[in-house]
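Let me begin by presenting the structure, written as structure tokens, before commenting on it.
FYI, the numbering just counts along the sequence from 1.
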Amino acid sequence: MPLITDPFFYAVAIPAVLLLGVSKSGFGAGFGSLAVPMMALAVTVPEAAAILMPVLLLMDLLGMAAFRKNVDLRLLRFLIPFGLLGIGVGALLFKVLDARVVAGIVGGFTLLFLAQRLLFPPQPNSPPPSKWLGALLTVTSGFTSFIAHAGGPPINAYVIPLRLSPLLFTGTMAFFFFFINLAKWIPYAWLGLLDGRNMTTSLALLPFAPVGVWVGVRIAHRIQPQLFYRMVYVGMFLTGVKLVWDAFR
């Protein structure tokens, strides 16, 4: 079957898959949004997104198995419908929007969120974000996830202020993105992205998926909450800078 054979592609794709696996485990959440931009150094954004589909499915299954006892079901029931709505919007606009525009929007929003958290840190007794804001951010997460697998920063902007424990945060996000990524398969096939070349290349990358998840899971079970969220912020900052850079280069 056809397969990408360019060594440079694998030089950027393998680290991208490992980084995505670590992010899927919860540690460094936000870093995963760098996977498509990294792979886009060697292939187009739609190709990179399609190649990662089987990889994401395996990572989601591993993440759910690892954190199956750490899920906020009430929060999940609120998030999933709005995330699926974002998937629908992304599918309809996929061929209209330039991927660089989407990257710039996601990156800019991520940096604004971090600036707000640093300049105006929340007080211990501050209320959680409103439901309408949560709905808007979750739709945005589904949309950006469909376009470039960059759904982490928007959903993090809503869930982080809820102050979940690291394990509960990780488990809830693992289940959320399983449903979001599963919903992408039919529209990706409809758009003609799941061809033999992309899927065969994805199979070549698949063995690296559990390695990244395993590393991240071990860290997530041992890290203190304060350090955990600091790493989340670092991941979101690097993601935001990279996405904004991609939008203007």
Inspect the surroundings of CG in L93 and state if more than 12 heavy atoms from other residues, nucleotides or ligands are less than 6.0 Å away. yes

Tell me which donor-acceptor pairs under 3.5 Å the side chains of residues 128-136 have, and how far apart each pair is, sequence neighbours excluded?
from: S130; atom 1: OG; to: W132; atom 2: NE1; distance (Å): 2.9
from: S130; atom 1: OG; to: L133; atom 2: N; distance (Å): 3.4

Between CG of L3 and OG1 of T201, what distance do you get to the nearest 0.5 Å? 4.5 Å

Once you round to the nearest 0.5 Å, how far does CD1 of I180 lie from CG of L84? 4.5 Å

Heavy-atom pair with the smallest gap, counting every atom of T138 and G83: CG2-N, 3.5 Å

Taking the side chain from K184 and the backbone from S145, do they hold a donor-acceptor pair closer than 3.5 Å? yes

Are the side chains of L111 and F237 in contact, using a 4.5 Å heavy-atom criterion? yes

Applying ring pair (Phe, Tyr, Trp, His ring centres under 6.0 Å) to Y188 and not counting sequence neighbours gives F146

If you define the side chain from C-beta out and look only at heavy atoms, does anything of L206 sit under 4.5 Å from V55? yes

side-chain hydrogen bond (donor to acceptor under 3.5 Å, both in side chains): pairs with one or both residues in residues 3-20, sequence neighbours excluded: none

Here the pair of heavy atoms bringing I147 nearest to G90 is CD1-O, 3.8 Å

Quick check for you: to the nearest 0.5 Å, what is the distance between I155 atom CD1 and F82 atom CZ? 11.0 Å

Could you pull out the closest heavy-atom pair between A183 and I87, with the gap in Å? O-CG2, 4.1 Å

Least distance between heavy atoms, I51 atom then P54 atom: O-CD, 3.5 Å

Scan the side chains in residues 13-22 for donor-acceptor partners under 3.5 Å anywhere in the protein, sequence neighbours excluded, and list what turns up.
none

For the CH2 atom on W185, are there more than 12 heavy atoms of other groups (residues, nucleotides or ligands in this structure) within a distance under 6.0 Å? yes

Looking at side-chain heavy atoms only, is the closest gap between F176 and S141 below 4.5 Å? yes

Is there a side-chain contact between M53 and N181 in this structure, where contact means two heavy atoms from C-beta onward sitting under 4.5 Å apart? no

Taking a hydrophobic cluster as the set of Ile, Leu, Val, Met, Phe, Trp and Tyr residues connected by side-chain heavy atoms closer than 4.5 Å, whether directly or through intermediates, do W245 and V12 fall within one such cluster? no

Any side-chain to backbone donor/acceptor pair from T172 onto F169? Under 3.5 Å, distance only. no

Quick one: does S202's side chain have a donor or acceptor within less than 3.5 Å of a partner on N198's backbone? no

Those residues at least two apart in sequence (or on a different chain) that pass side chain to side chain contact (heavy atoms under 4.5 Å, CB included) with F178 are L57, D60, L61, M64, L182

Do F143 and I186 share a hydrophobic cluster, counting only Ile, Leu, Val, Met, Phe, Trp and Tyr and linking them when any side-chain heavy atoms are less than 4.5 Å apart? no

Might you point out which heavy atoms bring L194 and A189 nearest each other, and give the distance in Å? CD1-N, 3.8 Å

Go through the steps for L164 and V159 under the test side-chain contact (heavy atoms from CB on, under 4.5 Å), then give the verdict. CA-CA 8 Å; L164 304 178; V159 178; 3.8 Å; yes

When clusters are formed by joining ILVMFWY residues with side-chain heavy atoms under 4.5 Å apart, either directly or through shared neighbours, do L92 and V139 land in the same one? no

Could you pull out all donor-acceptor pairs under 3.5 Å where a side-chain atom in residues 71-79 meets a protein atom, sequence neighbours excluded?
from: D72; atom 1: OD1; to: R74; atom 2: N; distance (Å): 3.3
from: D72; atom 1: OD1; to: L75; atom 2: N; distance (Å): 3.0

Considering all heavy atoms, the nearest G151-T144 contact: CA-OG1, 3.5 Å

Do E47 and M39 have side-chain heavy atoms sitting under 4.5 Å apart? no

